[in-house]
Amino acid sequence: MSLTVWLIALAQALLCAALAPLLIGWVRLVKARLQNRCGASVLQPYSDLRKLLIKETRVAHTASPLFRVAPYIVFVAIWLACATVPLVALDLPTARIADIIVLVGLLALARFFLALAGMDVGTAFGGMGASREMLISALAEPAMLMAVFTLAMTAHSTSLVGVMEHHLTDGFLLRPSYLFAFGALILVALAECGRIPVDNPATHLELTMVHEAMLLEYSGRHLALMEWAAQIKLLLYGVLIANVFLPWGIAQDFSPAALALGLAAVLFKLAILGAALAAGETVLAKMRLFRVPAFLNLALLLGLLGLLSHVILEVGA
Amino acid sequence: MENQALSLAYMALWLALASSGVSLLAARTPRILRWVAMPLIGLSGVAAFGAGLWALIAHETLTATLPLGLPWMPWHLRLDALSGFFLAVIGLVTSALGLYGPAYVRSFEHGRDSLVALGGFTGLFLTGMLLVVLADDAFAFMVAWELMSLSSYFLVAFQHENAANRRAAFLYLLMAHIGGLTILLGFGVLAAFGGGFDFDSMRAASLSPGWASVAFALAFVGFGMKAGLVPMHVWLPEAHPVAPSHISALMSGVMLKVAVYGFIRVVLDLNGEVQWQWGVTLLLVGSVSALMGVLFALMQTDLKRLLAYSSVENLGIIFIALGLALLFQATGHVMLAALALVAALYHVINHALFKGLLFLGAGAILHSTHERDLEQMGGLLRRMPWTGFFFLVGCLSISALPPFNGFVSEWLIFQSALQAWQLESGVLRSLVPIASAVLALTGALVAATFVKVYGIAFLGQARSRHVRRARPSPKGMWAGQGFLAAFCLLLGVLPTQVTGLIDPVAEQLLGTGIPQASANGWLWLTPISSETASYSAPLTILLLALIAGVAIWWFNRGGVRRVRRCDPWDCGFTSPSPRMQYTATAFAQPIRRVFGLLFEIEEIRDTGADGVQRYRLKLVDRTLRLIHAPVARAVETASKRVVRLQSGHVRGYLGWTLVTLLVLLWIIS
Amino acid sequence: MSLTVMTLLEQFVLLLAALALFLSFVLLAQARLVAAIHIFAWQGALVAAVTLTVALTGQASHLYFSALLTLALKALLIPWMLHRLARRLGLERHTETLTRPALVIMAAVALVIFSYWLVAPMVEHGLVFTRNIIAVSLAVVLIGLLMMVFRQQAVAQVLGFMSMENGLFLAAVSATSGMPLVVELGVAFDVLVAMVLFGVFFFQIRESIDSLDVDRLNRLTETGEIEERRPA
């Protein structure tokens, strides 16, 4: 029994990595259609990754060993974080290894090395990207933790499984705190994944880039790892938002039917979220860097109000 | 059997004293410091660690009386779980100094500074700290406390040719004395109710809530001053950086913890009934310290000063956790109080380890490049690979990243804060999450700070010539760092064992531990229950390593696997020069702008006579102007008034004496 | 917990009240005048929705009418008047420079906790649902007042005043299922008249001091340093 459970966990982890490029491809396709373009196939990100993997890898003379290690650490930390989020089935052992705070910690670990890698070669752009990334994360991380704490205080558990189970057993409740936490998490996800009002993933416009600036010196398989990690991160936030706030459909036992239903449900939720993201990116413009703190302060405020409204409005005694 | 722990503690004391004594010979043979005195310090640390560990495992209270002190009041010593824990903390960092010190003090052998002072006061400093932790009466405690303060004053003033160092040392002495005075008054209050200066009678005393609060406030100010809590922190970033680096490691890593020890001893052990208002005070001051500390750390460009400010931040975190413990204890949730206390103590030992490690790293950089200014550094990882590697471990630990130790304590603090829903009072229920929000913000800013430190100092290209020529540090130095780094990882990977070791302290002070933390086996840390939260550090690191291994194998098979070296691309601009890199000031600029409210910032841009544009940044601590300057002014005005007594006439003085005598006689009559 | 025993409509009231509180925060931090007017309109719509929901729970039928009244007045008429006023005063693109917005937000958060603390003793009367809403309404009132303290722009101050009224109305509707219709009509009329008067005043103020910055209205002091404070 326990072996099958671990196997399912492994399969789910592999599924995370495998699905991530598909999500990006879907977002890009929807965005292209909304902008009256044909757009590439949804499978294009897979081809991109494959091409990067077989290309020669170049490393600057001035780079230290950390530069070559960082892509692996970033990829592994983000993947492990993603593997602990219940994607298809609820009560898997991987979810017990790490609760939400550990998940935030793993993402922070990845970001730490990403920023260091940006500064390693000693170019102006790398330092700029790292500095801005740390600014954004300094405000986004507490906002995320506040949102997460709101959920945890409601469910009396910081484990994602606990939060989702609590949500499932309570049935549908209009929780103001969840609404605020939802808003906060969406804003944080946009900021952390470098999506449009904060960072533009599609350009290398020199003075506005954040995430791309740190990756400028990477090529070949190192770049493939970094890109893939970024895609997994987007998937992670998507699954987090979809499954925490709308957990219905996720497999609560390990029968094949339940698992199939769970997969279909999560795919459906992700498709909706991806389309919403594409629509948002089509109508919004990128902000100046110093407007970003206001954006993230809104996220912080939402998180804080989520906590307060939980305490004030939802706790009986 | 049971006295062996105590005799180990004695041995630590004697070894520290011996090291101090041996150093007297260093004036003639400087090498003695390197070959004898520093190893003795290290051995003393090992003995202290052993004694502390023994006391924690045996979980017994050992007492002894020393034939020292006043005739009717001999010194009482006591080794219980709490002192054992802090002995172990002192011992760990000091042991690392035994490895690191010999190589480091070598650089002083040919200088003009007095080696006798360095070695002698280091030994006394260590003796003082060990005695504070062991003392079981207020008299011994205060003597040891002052020994610790004074000897560290001489160490701060070690390189006293520099006027700034003298100023820092004076400020330190001043603050240490005010702090010592308030602690003494606090003991006075306790002793007045207990009827004696030994801790046993203080413990037995029952204080009225008002007097208990007075004692708490005095202890909080006194120990908080030593611990560098905002707004009593101003001495800390001045004094810690100017001492020799291994002493900075001791001061930041250990001495601040001794202040935490004193605070816990007085408030949780001696002072009786805890009140929830104390917890709120601690939460408030702790949150402000944590946030201010990290913001100031982020703005610094002097490496050691930055680390000192980061100590303010970490002490803030410790006091947040202690505040939670008091809050839960006062509202009757003893289990949660135990959890918060264990989290606080976990952070105590973590901070000792990684701050010691980082200061030793800063010392290694100073040793190789004679540079403390981040703006001059760069590319040191390739010059000093081992130092760089261990420094990275320290940065990861202090930034609270899994799987290192800083993360575990922060996780525990969050877990106890998230149990705030159990509190009855709605206001407290909403205050605690806000404190945890501050903690979250602090954590993210710490990561930014140490990305800056590591990225500027160790990565990129050297920004000055002497840094470009840096030599790797001697083996002993990085061995000392490696020792601490190993413990950082160990404490991060085996949290259940560590909480098991800390548990006796909570049992001793609060009457209950957190047995459920390790109830699900050593793999799973479950502070409240396995449903509420679980973290498996061993599995996390195992999986990280496993996936990393698979990823490295997978991505390196077939195809073109060779990595070709080339020039940096940098968007196709000309090959970048070191001057084009981001500087430490530039790195912090966005955050400085966002949090500008808290600082007094003065940016000066001018064109010099040579037509070169220069940019200078002046950053002033607001607390200095808002709180300390008025106090200083008031003291000055008061002393000017008092100066009028100094008339210069002998008969006038005699008159004052007569008046004083009369008043005194009237009072006692 | 209490939320699980509530009906969906009651939960919906809570949700709307929380959103109204959120809009108070946004209003407080919104520097652009026109956007602030829009937010105020949305808050009015939320209050109307709360009234409608309470009416749907079937406690009082006159609440349908007051929901309609609130919607017409708070969400449509007053915002429209303010908008027109802003246009005629040439303030459509006006952006106020907020002093220390983060501090003001923190103060507002403290006000929320404070109002929660104030109404906490009501728990003895067993009306948890009511108490929660009253805490939120009180917070909306206090934040409105805070906005009047911290804003220099006269129109923004009026917005603060009006959002205070929103908070009061919210409390009345949710706690006692609405005031008597006569009182409600009277209050509505008062607000409308106040709005008209404000409009007249703005023109007067601007004519006399050529600005709507209320910090300029400082001549009425005891110090007699009028000469120095005269606007440049």
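The sequence lines fix the lettering, A, B, ..., with proteins before strands; numbering per chain opens at 1.
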Margin query: Is B:Val451 close to chain A through its backbone or its side chain, or both, or neither, when contacts mean heavy atoms under 4.5 Å?
Written below: both
Notebook entry, point to check: With only heavy atoms counted, which part of A:Phe113 is less than 4.5 Å from chain B, the side chain, the backbone, both or neither?
Noted result: side chain
Item checked: Audit row: A:Val59, B:Arg564, side chain to side chain contact (heavy atoms under 4.5 Å, CB included) steps and yes/no -> CA-CA 6 Å; A:Val59 170; B:Arg564 188 138 60 106; over 6 Å; no
Note to self: Checking A:His167 now: which residues fulfil ring pair (Phe, Tyr, Trp, His ring centres under 6.0 Å) with it, not counting sequence neighbours?
What the structure shows: A:Tyr178, A:Trp248
Notebook entry, point to check: Rounded to the nearest 0.5 Å, how far does CG of B:Leu441 lie from CG of A:Leu139?
Noted result: 7.0 Å
Note to self: Counting only non-hydrogen atoms closer than 4.5 Å, does A:Ala63 touch chain B with its backbone (N, CA, C, O), its side chain (CB onward), both, or neither?
What the structure shows: both
Next item on the list: Sort A:Phe112 into side chain, backbone, both or neither according to what part of it lies under 4.5 angstrom from a heavy atom of chain B.
Entry: both
Next item on the list: Could you list which of residues 140-151 of chain A have a heavy atom closer than 4.5 Å to any heavy atom of chain B, in residue-number order?
Entry: A:Glu141, A:Pro142, A:Leu145, A:Met146, A:Phe149
Next item on the list: Write down the atom of B:Phe414, the atom of A:Ile101, and the distance for their closest heavy-atom approach.
Entry: CB-CD1, 3.7 Å
Notebook entry, point to check: Using non-hydrogen atoms only, which part of A:Leu109 is less than 4.5 Å away from chain B: side chain, backbone, both, or neither?
Noted result: both
Item checked: Distance in Å, B:Asp567 CG paired with A:Thr62 OG1, rounded so as to fall on 0.5 Å steps -> 8.5 Å
Next item on the list: Looking only at non-hydrogen atoms, find the nearest pair between A:Gly122 and B:Gln461 and report the distance.
Entry: O-NE2, 3.9 Å
Notebook entry, point to check: Can you tell which of A:Arg111, A:Glu133, A:Met119 has the highest number of heavy-atom pairs within less than 4.5 Å of chain B?
Noted result: A:Met119
Checklist line | Top contributor to chain A contacts, counting heavy-atom pairs under 4.5 Å, from B:Ala440, B:Pro568, B:Cys395, B:Ala448 | finding: B:Pro568
Check: Tell me, side chain or backbone of A:Ser137 under 4.5 Å from chain B's heavy atoms, or both, or neither?
Finding: backbone
Margin query: So for B:Ala537, is it side chain, backbone, both, or neither that comes closer than 4.5 Å to the heavy atoms of chain A?
Written below: neither
Notebook entry, point to check: Measuring heavy-atom distances to chain B, does A:Ala152 have an atom under 4.5 Å in its side chain, in its backbone, in both, or in neither?
Noted result: side chain
Checklist line | Within-4.5 Å side-chain heavy-atom neighbours: A:Leu66 and B:Tyr454 | finding: yes
Check: Can you tell which of B:Ile547, B:Thr526, B:Ile456 has the highest number of heavy-atom pairs within less than 4.5 Å of chain A?
Finding: B:Ile547
Next item on the list: Under the side chain to side chain contact (heavy atoms under 4.5 Å, CB included) rule, what do B:Leu392 and A:Leu116 come out as? Steps first, then yes or no, please.
Entry: CA-CA 10 Å; B:Leu392 180 63; A:Leu116 283 185; 3.9 Å; yes
Note to self: As a test of understanding, state which of A:Arg58, A:Arg221, A:Glu56 forms a side chain to side chain contact (heavy atoms under 4.5 Å, CB included) with B:Val563.
What the structure shows: A:Arg221
Notebook entry, point to check: When only pairs under 4.5 Å are counted, which of B:Val438, B:Val594, B:Val446, B:Ile552 shares the most heavy-atom pairs with chain A?
Noted result: B:Ile552
Notebook entry, point to check: If you tally heavy-atom pairs under 4.5 Å against chain B, which of A:Arg96, A:His61, A:Glu217 wins?
Noted result: A:His61
Notebook entry, point to check: Among B:Gln581, B:Met580, B:Arg565, which has the most heavy-atom pairs under 4.5 Å with chain A?
Noted result: B:Arg565
Checklist line | Neighbour count >12 (heavy atoms, 6.0 Å) for atom CZ, A:Phe295 | finding: yes
Note to self: At a 4.5 Å cut-off on heavy atoms, which part of B:Ile591 comes close to chain A: side chain, backbone, both, or neither?
What the structure shows: both
Notebook entry, point to check: Between A:Thr158 and B:Gln415, does any side-chain donor sit less than 3.5 Å from a side-chain acceptor?
Noted result: yes
Check: Who wins among B:Ser536, B:Ala588, B:Ala533 for the most heavy-atom pairs under 4.5 Å with chain A?
Finding: B:Ser536
Item checked: Proximity breakdown for A:Arg68 and chain B, heavy-atom pairs closer than 4.5 Å -> side chain
Item checked: Spatial distance of atom CZ (B:Arg592) from atom CG (A:Leu135) [nearest 0.5 Å] -> 12.0 Å
Next item on the list: Below 4.5 Å from any heavy atom of chain B, which atoms of A:Leu308 appear? Answer side chain, backbone, both or neither.
Entry: side chain
Next item on the list: Would you mind checking which part of B:Glu410 comes under 4.5 Å of any heavy atom in chain A, side chain (CB onward), backbone (N, CA, C, O), both or neither?
Entry: neither
Next item on the list: Classify the angle between the aromatic ring planes of A:Trp228 and B:Phe555 as parallel (below 30°), tilted (30 to 60°) or perpendicular (above 60°).
Entry: perpendicular
Check: What part of A:Leu300 gets closer than 4.5 Å to chain B, counting heavy atoms only: side chain, backbone, both or neither?
Finding: neither
Check: For the atom pair CG (B:Leu544) and CG (A:Leu106), what is the distance rounded to the nearest 0.5 Å?
Finding: 6.0 Å
Next item on the list: Using non-hydrogen atoms and a 4.5 Å limit, figure out which bit of B:Ser399 sits close to chain A: side chain, backbone, both or neither.
Entry: side chain
Margin query: Heavy-atom pairs under 4.5 Å with chain B - which of A:Asp99, A:Val163, A:Leu307, A:Ile100 has more of them than the others?
Written below: A:Asp99
Notebook entry, point to check: Which region of B:Tyr535, side chain (C-beta onward) or backbone (N, CA, C, O), has a non-hydrogen atom less than 4.5 Å from a non-hydrogen atom of chain A, or is it both or neither?
Noted result: both
Note to self: At a heavy-atom distance under 4.5 Å, which candidate from B:Ser436, B:Ala551, B:Pro402, B:Ala447 has the highest pair count against chain A?
What the structure shows: B:Pro402
Next item on the list: Under the side chain to side chain contact (heavy atoms under 4.5 Å, CB included) rule, what do A:Val121 and B:Trp569 come out as? Steps first, then yes or no, please.
Entry: CA-CA 10 Å; A:Val121 175; B:Trp569 181 51; over 6 Å; no
Next item on the list: Measure across B:Ser430 and A:Val311 and return the closest heavy-atom pair with its distance rounded to 0.1 Å.
Entry: CB-CG1, 4.1 Å
Next item on the list: Measure distances from A:Ile97 to the heavy atoms of chain B and classify the residue's part below 4.5 Å as side chain, backbone, both or neither.
Entry: both
Notebook entry, point to check: If you take all heavy atoms of B:Tyr582 and A:Ser131, which pair is closest and at what distance?
Noted result: CE2-CB, 3.7 Å
Checklist line | Step-by-step side chain to side chain contact (heavy atoms under 4.5 Å, CB included) determination, B:Thr532 to A:Ser159 | finding: CA-CA 6 Å; B:Thr532 310; A:Ser159 131; over 6 Å; no
Next item on the list: Would you check if A:Met153 and B:Pro433 make a side-chain contact, meaning some heavy-atom pair closer than 4.5 Å?
Entry: yes
